[in-house]
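Accompanying notes for the structure given below.
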Amino acid sequence: MSKQTFISSKWIKTRVVLRDQTLARHVPVTRRLTRERLAEMLHRHHMVYVKPDSGAKGVGVMKVDKSKRTYRYQRDVRAVTFPTFHTMFHSLTKHIGRKPYLVQKGIHVLRHQGRPYDFRVMIQKNPAGKWERTGTVARVAHPRKIVSNGSQGGTIFPAHALLVPAAGKKQASRLLARMDRLAYLTAAQFSRAYPAMKELGLDIAIDHRLNPWILEVNTCPDPCPFTKLPNKSMIRKIVAYARAYGKRYCLKCSKAKRAPQRRR
Ligand SMILES: Nc1ncnc2c1ncn2[C@@H]1O[C@H](COP(=O)(O)OP(=O)(O)O)[C@@H](O)[C@H]1O
Ligand SMILES: [Mg+2]
């Protein structure tokens, strides 16, 4: 039996998730990047994300889109536009080099003050050995970026602080419950393949129709976003459960920003 608890390949992790039929409906089409597949995916979806197969913290993630007369891609804070697919791809490959990359259908995610945001859902084995969702936060992308990662200047909000204004109270709790269900199903699939797994962090985006999409699954999730919440109950539980399975986190979290607190 595999004792593996860390998997870096997004391709392998995506295939684990796709084994569950319910989860499969919540994974944007993902393929290994080639010139032909990118052209085809852009033709079909108009907007896609390309990302390193073994990447983290939003590094190397780019958004590519196509409109009638132009092709454009953005990495970091810079978007560049080209008249043809050929010229765009030539430029894009400079950033890709020889690294294996994936191309994923782009989700038109919810925005806060124009900035895209998504959610990090943390699920861990509790001291009784059962999977338990221990925390959910919203991560709002840096004002000029297309990735929400805290390490890229993202801002951390309590999930309901963004979902309630976007969807109403009732839908917001329904969405949080749906995200929990996706996390439990994901944990069940990973447990099957890797029984030693103790924690997972799902990146889940919500589109304009309020459908949740699993963008990726982290097998070594960073607890830092949870330290930025005004309420410390999630981070306390996360740390306590990790300690129970023999893991200590470094909680010196400098990069992600704290959401401005509303005055009462
Ligand atoms: N398919 C997608 N549609 C919309 N946004 C995406 C998509 N894939 C990634 N992103 C954005 O890019 C960020 C980083 O991508 P992710 O796949 O989580 O890689 P990393 O391992 O670098 O965190 C996500 O948190 C999200 O903000
Ligand atoms: Mg991520």
Side-chain angles (χ1 to χ4, degrees), residues 6-18 24-33 37-38 41-42 44-66 73-77 79 95-96 99-112 114-123 136-157 159 162 179 182-183 186 199-209 211-226 255-257:
F6 177 72
I7 301 142
S8 79
S9 165
K10 288 189 187 355
W11 181 247
I12 290 174
K13 292 184 283 187
T14 302
R15 289 200 328 217
V16 172
V17 177
L18 290 177
R25 291 200 299 269
H26 297 275
V27 178
V29 181
T30 309
R31 308 184 69 186
R32 285 202 261 219
L33 180 72
R37 288 187 192 131
L38 177 62
M41 296 262 293
L42 268 177
R44 186 168 301 189
H45 306 296
H46 305 286
M47 192 269 281
V48 300
Y49 269 69
V50 299
K51 39 180 133 176
D53 182 43
S54 288
K57 302 187 173 186
V59 177
V61 175
M62 295 179 275
K63 176 181 166 176
V64 187
D65 53 41
K66 167 186 189 283
Y73 74 84
Q74 179 172 350
R75 64 183 273 281
D76 280 319
V77 296
H95 303 293
I96 291 176
K99 272 181 274 149
Y101 255 72
L102 303 180
V103 51
Q104 186 172 65
K105 178 184 171 183
I107 303 301
H108 294 274
V109 308
L110 296 180
R111 287 168 182 262
H112 171 71
R115 299 154 63 181
Y117 66 89
D118 48 51
F119 298 85
R120 166 56 63 86
V121 181
M122 183 87 163
I123 183 163
T136 304
V137 290
R139 309 175 305 172
V140 179
H142 173 282
R144 295 172 61 205
K145 292 195 184 182
I146 47 89
V147 295
S148 65
N149 306 68
S151 50
Q152 297 268 348
T155 305
I156 307 301
F157 283 77
L162 297 187
M179 287 196 260
L182 296 180
T186 300
E199 54 183 29
L200 292 170
L202 284 80
D203 290 346
I204 303 183
I206 311 278
D207 70 17
H208 289 153
R209 293 182 181 155
N211 278 322
W213 294 96
I214 301 172
L215 301 181
E216 75 148 340
V217 180
N218 296 277
T219 55
C220 190
D222 186 355
C224 281
F226 298 91
K255 289 213 175 119
K257 296 185 175 60

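Whatever order the structure lists them in is the order used to number ligands and atoms, beginning at 1.
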> Among Leu110, Val140, Val137, which residue meets the side chain to side chain contact (heavy atoms under 4.5 Å, CB included) test with Leu162?
Replying inline: Val140

> Is a donor on one side and an acceptor on the other found under 3.5 Å between the side chain of Thr219 and the backbone of Ile7?
Replying inline: yes

> Within the distance-only criterion (no hydrogens, no angle test), does the side chain of His26 pair as donor or acceptor with the backbone N or O of Pro212 below 3.5 angstrom?
Replying inline: yes

> Could you state the interatomic distance from OG1 (Thr30) to CZ (Arg15), rounded to the nearest 0.5 Å?
Replying inline: 12.0 Å

> Is any side-chain heavy atom of Arg115 closer than 4.5 Å to a side-chain heavy atom of Thr155?
Replying inline: yes

> Is the backbone of Val147 close enough, under 3.5 Å, to the side chain of Tyr49 for a donor and an acceptor to pair up by distance?
Replying inline: no

>> Using a 4.0 Å cut-off on heavy atoms, what residues surround ligand 1? Order them by chain and number.
In response: Lys10, Tyr49, Lys51, Gly55, Ala56, Lys57, Gly58, Val61, Gln104, Lys105, Gly106, Ile107, Asp118, Arg139, Ile146, Val147, Ser148, Asn149, Asp203, Leu215, Glu216

> Would the number of heavy atoms belonging to other residues, nucleotides or ligands and lying under 6.0 Å from CZ of Arg37 be above 12?
Replying inline: yes

> Counting distance only, does the side-chain N/O of Lys105 pair as donor-acceptor with the main-chain N or O of Val29 below 3.5 Å?
Replying inline: no

> Ignoring waters, how many protein N/O/S atoms are under 2.8 Å from the Mg ion (ligand 2)?
Replying inline: 2

>> Tell me whether Asp203 is salt-bridged to Arg139, with the criterion being a basic N under 4.0 Å from an acidic carboxylate O.
In response: yes

